[in-house]
Amino acid sequence: MRFISVSICIFLSLGQIKGGQVEDITIIGAGIGGTYTGWRLKNKGLRVGIYEYSNRVGGRMYTRTFPDAPDLPVELGAMRLRPADHLRMIKAGRELGLTFVHFVEEMGRIPERTRLFLRNTHLSIPELGTSRTPYRLRPEERRDPNELGRLLSERFTNYNGSDPNTERFTAVTLRDGVPLYLQSYKEVLRKTGISNEGYKYLFDNSIVKFGFGDDQSIMRFPRTRRGFEENTTPNGLPRVVTIPTGLGSYPIGFLRRFLSRNPKSNPVFQSALNSVIDVQASRIFLVYDYPWWLNERYNFTFTHSDLPYRQSFHWGISRNGKAVFLMSYADFDDVTFWSHLQQRGNVISKKNDDTRVTDEVLRHAHSQISRVYKIDCRHLPAPVDGMMFAWDKYPYNGAWVSWKPGSRWYDIKNYLTTPFPGDNIFIVHGYWGAEYNGWGESSLDAADDVLTHFGVPSYLYNMGNK
């Protein structure tokens with residue numbers, strides 16, 4: 001049953017007994033949605049309780065620190081914010097007293113600091129689409145992959161973004177008139193007549209394989225079109241930011257401020273819960289005595305490859321000189337590869353818990369990254385510590401989700417907020433509660449919709465955004 005496989009924040013204003021007291025509202029789940037909701041309800045004069053299944057607060061916001069680099073929190077879950085999109089997250093962070101700093105690598109692939117390694121070939125970003133590109137592309141496909149994706153979207157669909165909420169369900173592929181929202185991105189790509197090599201070229205160059213699974217195409221296509229680039233950043237903040245103390249500071253902060261009956265099953269409810277696809281992801285962080293990946297010869301702070309490690313980031317250098325490397329940020333089918341290795345071999349990290357790193361993980365990670373940096377694997381230094389996490393199992397099943405083809409997300413969002421008329425049961429979850437169901441902002445958006453039922457206005461109300 002889909003409902004019990006994820007952490008869902010539920011309100012039951014039916015009177016739950018706790019220590020002899022009756023609660024007006026019970027919140028199940030202490031992730032960002034549950035803690036935010038409790039925080040915003042605390043001044044309503046209601047008796048509210050928050051309960052969590054696991055042994056930590058935060059859900060998919062999972063911040064940890066290394067003993068050898070305590071000033072460089074690592075993010076095993078959410079790791080960055082886009083202020084132009086995450087209005088609630090920015091406003092709430094300021095109210096919690098959090099500060100924002102530039103996430104230096106932004107979304108990855110900054111041209112002058114990026115090394116690509118595709119089909120055993122080292123490339124710079126400007127070389128994509130040139131004769132050095134190791135794909136057998138047709139003449140019209142020999143271009144930067146972003147330009148190729150944009151060309152296909154503009155040439156083979158009628159989406160123009162004039163009325164996004166309506167058009168996402170009316171836009172079609174021009175060759176057959178089938179609505180985009182009924183199809184996956186890979187289905188739409190195939191209809192464009194792109195070659196197999198062209199498809200693989202786009203797949204391998206996608207930093208995150210968003211849209212190349214069975215998820216809905218319309219969530220990817222609008223972002224490839226000319227004129228629909230990302231919004232400018234408000235309030236003078238950088239385009240991509242993070243929190244120096246880690247994004248786990250959000251749910252912990254909400255919970256600190258907060259502390260001063262089962263859903264009925266029916267076919268419509270089950271169908272709504274099954275409208276999303278879990279997207280698995282994993283991260284591997286390693287700590288070294290020095291940043292061996294930064295030197296006069298290369299000095300690449302980001303790499304992207306078709307090898308299973310997929311992406312690497314220079315995470316930072318601690319005040320004590322230790323260097324932290326995000327050795328692997330993988331998604332899609334590569335997560336199982338790393339999750340399996342985490343169960344094999346001897347533990348080399350200082351903590352033997354769900355974030356442990358084994359010598360099998362290290363051996364494969366070093367073997368892959370050494371090819372990218374052209375360093376003999378035997379010459380790579382041994383890390384002094386490591387942490388990894390694979391978002392592929394209960395209770396999360398994935399790091400984020402995406403809509404299935406055929407899901408009318410706006411209708412599902414409205415329905416799941418209050419799925420059972422006459423019962424005081426509300427669902428608050430970023431999975432189904434917002435248009436973009438993969439970021440923390442969507443959880444706050446979903447919570448805001450439910451909070452209106454308790455007389456709490458939208459968090460953005462006084463900002464003139466709603």
What pairs with [X] under side-chain contact (heavy atoms from CB on, under 4.5 Å), at least two apart in sequence or on another chain?
X	answer
Gln311	Ile207, Val208, Phe302, His304, Phe313, Tyr329
Ser54	Glu52, Arg56
Ala365	Met327, Trp338
Glu187	Gln183, Ser184

Is the closest side-chain heavy-atom distance between [X] and [Y] below 4.5 Å?
X	Y	result
Arg239	Met107	yes
Met79	Glu105	no
Glu360	Arg363	yes
Leu259	Ile50	no
Val241	Ile90	yes
Tyr373	Leu380	no
Phe117	Gln368	no
Pro145	Asp204	no

So that I can tick it off, tell me whether [Y] and [X] are bridged by a salt bridge, with the cut-off set at under 4.0 angstrom between side-chain N and carboxylate O.
X	Y	result
Glu197	Lys200	no
Lys350	Asp68	yes
Lys322	Asp289	yes
Glu441	Arg82	no

Is the backbone of [Y] close enough, under 3.5 Å, to the side chain of [X] for a donor and an acceptor to pair up by distance?
X	Y	value
Arg40	Pro457	yes
Ser349	Val357	yes
Thr358	Leu341	yes
Arg64	Leu76	no
Arg60	Ile32	no
Thr114	Ile110	yes
Asp71	Ser318	no
Thr133	Glu127	yes
Arg109	Asn205	yes
Ser153	Arg150	no

Side-chain donor-acceptor pair present, [X], [Y], cut-off under 3.5 Å:
X	Y	value
Thr417	Asp449	no
Ser407	Gln216	no
Thr303	Tyr309	yes

Inset, instruction - Test Arg143 against every option in Leu148, Thr130, Leu137 by the side-chain contact (heavy atoms from CB on, under 4.5 Å) rule and name the one that passes. - result: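 Only one of Leu148, Thr130, Leu137 forms a side-chain contact (heavy atoms from CB on, under 4.5 Å) with Arg143, namely Leu148.
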Inset, instruction - Would you sort out whether Arg356 and Gln343 count as a side chain to side chain contact (heavy atoms under 4.5 Å, CB included), showing the intermediate values? - result: CA-CA 9 Å; Arg356 67 187 176 278; Gln343 311 307 316; 2.9 Å; yes
Inset, instruction - Please confirm whether Tyr36 and Tyr459 have ring centers closer than 6.0 angstrom. - result: yes
Inset, instruction - Verify the ring-centre separation between Phe212 and Tyr199: is it less than 6.0 angstrom? - result: yes
Minimum heavy-atom distance between [X] and [Y], given as atom pair plus value:
X	Y	answer
Ala92	Trp39	CB-CZ3, 4.5 Å
Asp278	Gly398	OD1-N, 4.1 Å
Val101	Pro244	CG1-CG, 3.6 Å

Legend entry - Residue of the set Arg310, Gln280, Lys209 for which side-chain hydrogen bond (donor to acceptor under 3.5 Å, both in side chains) holds with Asp334: Arg310
Inset, instruction - Describe, in one word, how the ring planes of Trp315 and Phe103 are oriented to each other, choosing from parallel (under 30°), tilted (30 to 60°) and perpendicular (over 60°). - result: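 The arrangement is perpendicular - the two ring planes meet at more than 60°.
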Inset, instruction - Please list all pairs passing the salt bridge (Lys or Arg N to Asp or Glu O under 4.0 Å) test where one or both residues lie in residues 378-389, with sequence neighbours left out. - result: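 Passing the test, one end in residues 378-389: Asp376-Arg378.
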Legend entry - Rounded distance [0.5 Å steps], OG in Ser328 versus CG in Leu307: 10.5 Å
Inset, instruction - Enter the distance from Ser305:OG to Leu116:CG here, rounded to the nearest 0.5 Å. - result: 9.0 Å
Inset, instruction - Go through the steps for Lys393 and Ser339 under the test side chain to side chain contact (heavy atoms under 4.5 Å, CB included), then give the verdict. - result: CA-CA 10 Å; Lys393 56 185 71 71; Ser339 180; 3.9 Å; yes
Legend entry - Verdict with reasoning, Phe300 to Val372, per side chain to side chain contact (heavy atoms under 4.5 Å, CB included): CA-CA 10 Å; Phe300 296 119; Val372 179; over 6 Å; no
Inset, instruction - Only counting residues at least two apart or in another chain, list the ones meeting ring pair (Phe, Tyr, Trp, His ring centres under 6.0 Å) with Phe389. - result: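 With sequence neighbours excluded, Phe389 shows a ring pair (Phe, Tyr, Trp, His ring centres under 6.0 Å) to Tyr62, Trp391, given in chain and number order.
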Inset, instruction - Apply side chain to side chain contact (heavy atoms under 4.5 Å, CB included) to Lys404 and Asn274, showing your working. - result: CA-CA 8 Å; Lys404 288 182 179 178; Asn274 284 318; 4.3 Å; yes
